[in-house]
Amino acid sequence: MSTRRDFIKLGGAAGLAAALPRESGAATDGRYPVVTVAPLPGIAKGATLAFTYPDVRSPALLMRLGEEAAGGVGPDRDIVAYSTLCTHKGCTVGYKPERKLLICPCHWSTFDPAKAGMLVIGQASQHLPQIELRVERGLVQAVGISGLIYGRHTNIVLAR
Ligand code: FES
């Protein structure tokens, strides 16, 4: 699994961004930060990438599922990202590529990343918050959240 730090060490984003066409996903309304997660060409089918959003206390996971997904970006609309804090009691969910599901190890709540984080089975009563993505100049960026991150009264937003 790669991290954002690994991406920064590679240092290739600027050159890649200049060479690639613009493609948009979710729009940003200014309430959330815009965070670059990875260059689009560096995300292979089946890859996962841990990052944080909208702040460093909020773990998230980007996945390229290999099949079109709700809210997916990229040429195959198969790149999605979610908060990894389970909506039941906040344990960290993990992606099981063989099942294409996000599963919580605490009480086995199971979420479908191809269907906007929909709860499939388990103790949770809310879907997993989906990180809204866009592709801008060849870079996959996080620009918002759909759903409330576990333990929050509100998701952190930027001061206007
Ligand atoms: S904390 Fe995830 S199912 Fe209970």
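Sequential numbering from 1 along the given sequence is applied to the chain's residues. Ligands are counted one by one from 1 in listed order, and the atoms in each one are counted from 1 as well.
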Worksheet item: Are any of the side-chain nitrogens in E67 or K100 under 4.0 Å away from the carboxylate oxygens of its partner?
Response: yes
Please say yes or no: joined through hydrophobic side-chain contacts below 4.5 Å, possibly via intermediate residues, are V35 and I149 part of one cluster? yes
Quick one: are L101 and V120 in side-chain contact, heavy atoms under 4.5 Å?
-> yes
Side chain to side chain, V140 and I43, heavy atoms closer than 4.5 Å:
yes
So side chain to side chain donor-acceptor pair (under 3.5 Å) across residues 105-129, not counting sequence neighbours, yields H88-H107
Interatomic distance, OG1@T92 vs OH@Y150, rounded to 0.5 Å, equals 11.5 Å
Protein-derived N, O or S atoms sitting under 2.8 Å away from atom 4 (Fe) of ligand 1 total 2
